[in-house]
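Structure, as C-alpha cells:
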Number of protein chains: 2
Amino acid sequence: MRTIDWDADRDCVAMVDQTRLPAEYTTYYAETVDELVESIRILRVRGAPALGAAGAYGAALAARRADAGSFEEFERRARAAAERVAEARPTAVNLAREVEAVLAELDRAETVAEARERTLTAAERIADADVERNRAIGRHGADLLEDGATVMTHCNAGALATVDWGTALGVVYSADEQGKNVDVIANETRPLNQGSRITTVELRERDVRTTLIPDNASGLCMQEGRIDAVVVGADRIVLDGGEQFGDGAVVFNKIGTYKQAVLADRHDVPFVVAAPTATIDSDSDADEVEIEERDPGELREIYRRPNAPEDVPVYNPAFDPTPAELIDYLVTEDGVFEPPLDADAVLGGEDATDREAAAQST
Amino acid sequence: MRTIDWDADRDCVAMVDQTRLPAEYTTYYAETVDELVESIRILRVRGAPALGAAGAYGAALAARRADAGSFEEFERRARAAAERVAEARPTAVNLAREVEAVLAELDRAETVAEARERTLTAAERIADADVERNRAIGRHGADLLEDGATVMTHCNAGALATVDWGTALGVVYSADEQGKNVDVIANETRPLNQGSRITTVELRERDVRTTLIPDNASGLCMQEGRIDAVVVGADRIVLDGGEQFGDGAVVFNKIGTYKQAVLADRHDVPFVVAAPTATIDSDSDADEVEIEERDPGELREIYRRPNAPEDVPVYNPAFDPTPAELIDYLVTEDGVFEPPLDADAVLGGEDATDREAAAQST
C-alpha cells in the first residue's frame, strides 16, 4: 500500500502506522480530524511530502465530517477543522500548503456534496503528483551515483516519508532500477530513530543492502573512506539565508543533518539534498523559520524506559539549517542544481524541463 | 563512595553499578575474576581511569583468589587470571597497564601471603593517585573557563569514569570550586547513552546546571552560539599519527568525539581534551590502535525493546580518532598543552611541575 491514502470503503484516511515500526507493519485509519491531527503530532505519518498528502486528505476529511444547516456554516466549520490539521506541526511547509490548496476547492463548490467531492478529488491529485515527482527526483539523482557507491542517509526520506518511492531513498531506488549496485549506510537518527526503525525496514523490503550505524559513527565512517555520497531529504528550503547565513539557500532538515554536511565537506564527500520544489518556501528567509522544539520525554525515556533522570532539562530541536555552501547538489523533480541555489536557478532555470508537466498534473 | 574501591569486609572489588543508572545508584561486588571481567565487558565500570583502577584491583583480586601447592604455581595462576582482566576490553590502555603494574609486585614477594598484601597495597596506591591526578587536571583545566561559561561534553569523563572527581567533568567541578558559574550541555552519547544515564546523574549530584541534548543537536547548539567550550576525556592518546594522520598526537575517545571536534573547529569553539598522562601511549602510532567494535545488539535493541529489524547489519565502533589539529588544549595533571602535542612537550616539558610528585605517589 501507499504510505498514506484515502480508504474509500471506510471513507477516511489510511496510513502505515510508523510508530509501530520496526515491530509491526500495520495500517491506521484516521476516521476523524482529531485522529489525523494526533497521527501527525505523534509521527504516525511523517516526512515533508507525506505530510503534504496528510494535509490534503485532512482538508478533504474536514469537509466530509463538517456538518451545518447552511453552506456558509459548513464551510466555516470545514475550514476551522482543516486549520487544525495545518497547525499540527509548525516547520513542515507542505502540510499547511496542501491544506490551503484543497480548501480552495470550497470556493468553487455550490453545495456541500460538491465541496466534499471536489476536495477529495483535489487531495487524490496531490497524492498522485507526489509519486510522479519522486520518480523524477529519483531519475535525476541516480545520475549522480556510480555503480557500487555507498550512500549515507540520515532520517527517513524514503517511500515512508512520501506517498510512495521517496526522495533521498528514491535516488537509491532509481539507481537500483538503472542496474547500479548501491549500498546504504543508515544513521540511527536520534531521538526518534527513524533511521533504525523505518529506513532499514523500508530498504530491506526493496532488497537494498543496508548497514545501521549510530549517528555518532558517521564521522569515523568518513575517515575510513566508507562513504561515497551523503543523500538526505529536506523539510523546508528557503532561498534567502537571512542575517544568520546571508545570501544563498538554506535547507532545514532533521536535526543532525548539519553535522553530516560539515563532516562531508571536510572529507570531500558529495552532499546531496533530494526534495520536491514544493519543499521550497520562497516567501521566508532562514531567520523566519521556526525550529520546532519537541517533547523532553523523547530524551528522558526511550520506548518508555528511563534514559535520564525524569526531571533533567532537555533541549530537543527537531531540525537544523544547512547553508548552500555545504551542499553540492540539490535534486528536485526539475533536475540537478549546484550552488548558488538562487530562486532563478532552482525555480525557473533552464533545467526546469519537467516542471510544467508536473505543475499541470497537480 | 568512590566509583571503584576495595571492600575490606567482603575482600573483593566494589563498584557503582553503572548499568543500573539512571534508575538506581547501587553497589556491585565482584567477588571473582569472572565477575570483574564481566563487569568490565558490560560497562558496569567504564572510563579509562576507572578501568585502570579496575585492572589494578583485578590483579589484586586474581592474587587473592589464586591457590596452588607452590608459589610458582600460585604465581602462574594469578598471572593467567589477571591477564583475562587485562584483555576484557582492547582499546583502553590503562586497563592492561595497571594490571601489569600490580603484577610486578609478584616478583617482589616470597610467599603467597606477601604477594597478596603487596598487590592490594599497590592497587590502592594506584586508585589514590588517580584521585590526586584528577584534582590536578581539574585545577589546570578550570583556568581555561570563564565565569558563566557553558561547556559541552560527550560521554562521561566524570567522577564515574574515574576513581573520583573525573577528568573532563573534574574541570567543571574545579571551576565550580573556584566560584565560577559553569553550565553543562551533555550529549546523550549513543549507543550506550552514558551522557543521559550517567553524566546528567553525576552533575545533578554535584548541583551543576545541566541540559541534555541528542548527539544530533550539538551542531545546532554551536550555530546558535550556546557553547563556549567543548571538554572531553580520552581513552587513549598516541603521539604519532601514523600514515593516516601524519605528525602530531591523535586522541581516541568515545565514538562521536571526532564529529564534535570538527564542528567546534568550524565554529571557533575551543576544544579541550582532559586526561591523565597515563592515557598517553607513547609506544604506538595511530595506525596501530585497534578500534573496538561492539555488539550489534546495542543498536538493534534499546533497553531490550526492538529498535531495528533484529537481523539488520550493524557497524558499531566504540571510539574514533581526533587529530591534534582539531584540539586547542590538552590538559593533564602536569598542566595545559597546546599543539603541536609532541612527546617532548606533553611528557617532559617545563610545565611538568606536578608530574614527578604524581609519579612518586604511584
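Proteins come first, then strands; the chains are lettered A, B, ... in the order of their sequence lines, and each starts at number 1.
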Against chain B, label [X] side chain, backbone, both or neither, depending on which of its atoms sit under 4.5 Å from a heavy atom there.
X	answer
A:Q223	both
A:I291	side chain
A:Q260	side chain
A:V312	side chain
A:P313	both
A:R197	both

Report the C-alpha distance between B:E202 and B:Y173 in whole Å, list the side-chain angles of each, state the deciding distance to 0.1 Å, and finish with yes or no for side-chain hydrogen bond (donor to acceptor under 3.5 Å, both in side chains).
CA-CA 11 Å; B:E202 173 177 334; B:Y173 301 142; 2.7 Å; yes
Does a donor on one side chain and an acceptor on the other come within less than 3.5 Å for [X] and [Y]?
X	Y	result
A:T199	A:N156	yes
B:K254	B:T189	no
B:Q18	B:R46	yes
A:D215	B:N216	yes

At a heavy-atom separation under 4.5 Å, does [X] approach chain A through its side chain, its backbone, both, or neither?
X	answer
B:R204	side chain
B:T210	backbone
B:Q244	side chain
B:R266	side chain
B:Y258	side chain
B:P321	both

With chain A, which of [options] has the greatest number of heavy-atom pairs at distances under 4.5 Å?
options	result
B:P22, B:C221, B:P317	B:P22
B:E325, B:R209, B:E310	B:E325
B:G256, B:S196, B:G219	B:S196
B:V201, B:T257, B:L263	B:L263

Under 3.5 Å, side chain of [X] to main-chain N/O of [Y], donor-acceptor pair present?
X	Y	value
A:D281	A:I237	no
A:D17	A:T27	no
B:D320	A:A217	no
A:N307	A:I302	no

NZ or CZ of B:R236 within 45° of B:F252 ring axis and under 6.0 Å:
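That pair does not qualify as a cation-pi contact.
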Looking at B:Y315, does the NZ or CZ of A:R226 lie under 6.0 angstrom from its six-membered ring centre and within 45 degrees of the ring axis?
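Yes, a cation-pi geometry holds between A:R226 and B:Y315.
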Taking CG in A:D247 as the centre, count heavy atoms belonging to other residues, nucleotides or ligands within less than 6.0 Å. Is the count above 12?
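At most 12 heavy atoms, drawn from other residues, nucleotides or ligands, come within 6.0 Å of this atom.
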Taking [options] one by one, which has the highest count of heavy-atom pairs under 4.5 Å against chain B?
options	result
A:P306, A:P309, A:A186	A:P309
A:S218, A:P296, A:A23, A:P191	A:S218
A:H267, A:M222, A:R300, A:E298	A:H267

